[in-house]
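For reference, the structure is listed below as structure tokens.
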Amino acid sequence: MQDASALPEYQAHCVSGEDEDCGASSGPCPSPAEVEEWQRRHTQETRHLRYRRSFADYAVLERQG
């Protein structure tokens, strides 16, 4: 189950570019909305349109019985 004591993280990396990826990153964010806002701003500044998004959380296994 998801560990409620640790917040999940959302992140995006710009993978736009002809010869190589741009590589710009939003850094870890506490919500997808913040990542989308970063993407919007980065697109306005660079015209880049392709992003790799990531989600990470912590899990805890519970013992049975």
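Only a predicted model underlies this, so the values are computations on that prediction, with no experimental measurement involved.
Taken from CG in L7 to SG in C29, the straight-line distance is 12.5 Å, to the nearest 0.5 Å. To the nearest 0.5 angstrom, L49 atom CG is 6.0 Å from S16 atom OG. Distance OG/S54 to OH/Y10: 12.0 Å, rounded to 0.5 Å. Taking CG of D21 as the start and CZ of R52 as the end, the distance is 10.5 Å to the nearest 0.5 Å.
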| query | Going through the checks in order, is the side chain to side chain contact (heavy atoms under 4.5 Å, CB included) test met by E37 and S26? | reply | CA-CA 9 Å; E37 177 60 22; S26 66; over 6 Å; no
| task | Could you check T43 against R41 for side chain to side chain donor-acceptor pair (under 3.5 Å), going step by step and ending with a plain yes or no? | result | CA-CA 5 Å; T43 295; R41 287 191 317 270; over 6 Å; no
| Chi angles and distances behind the side chain to side chain donor-acceptor pair (under 3.5 Å) call for S25, Q11 | CA-CA 7 Å; S25 174; Q11 190 167 0; 3.0 Å; yes
| request: Could you give me the CA-CA distance, side-chain angles and deciding distance for R53 and H13, then say whether side chain to side chain contact (heavy atoms under 4.5 Å, CB included) is met? | output: CA-CA 6 Å; R53 297 186 301 177; H13 295 277; over 6 Å; no
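One hydrophobic cluster, built from ILVMFWY side chains closer than 4.5 Å, cannot hold both Y58 and M1; they sit in different ones.
Counting heavy atoms from C-beta outward, H42 and C14 have side chains that approach closer than 4.5 Å.
With respect to the salt-bridge test (charged N to carboxylate O, under 4.0 angstrom), the residues R40 and E36 do not qualify.
When the shell of 6.0 Å around CD of E20 is examined, it contains 12 or fewer heavy atoms from other residues, nucleotides or ligands.
The aromatic rings of W38 and Y51 sit perpendicular to each other, their planes meeting at more than 60°, with 30° as the lower class boundary.
D3 places a side-chain N or O within donor-acceptor distance of the main-chain N or O of S5, the cut-off being under 3.5 Å.
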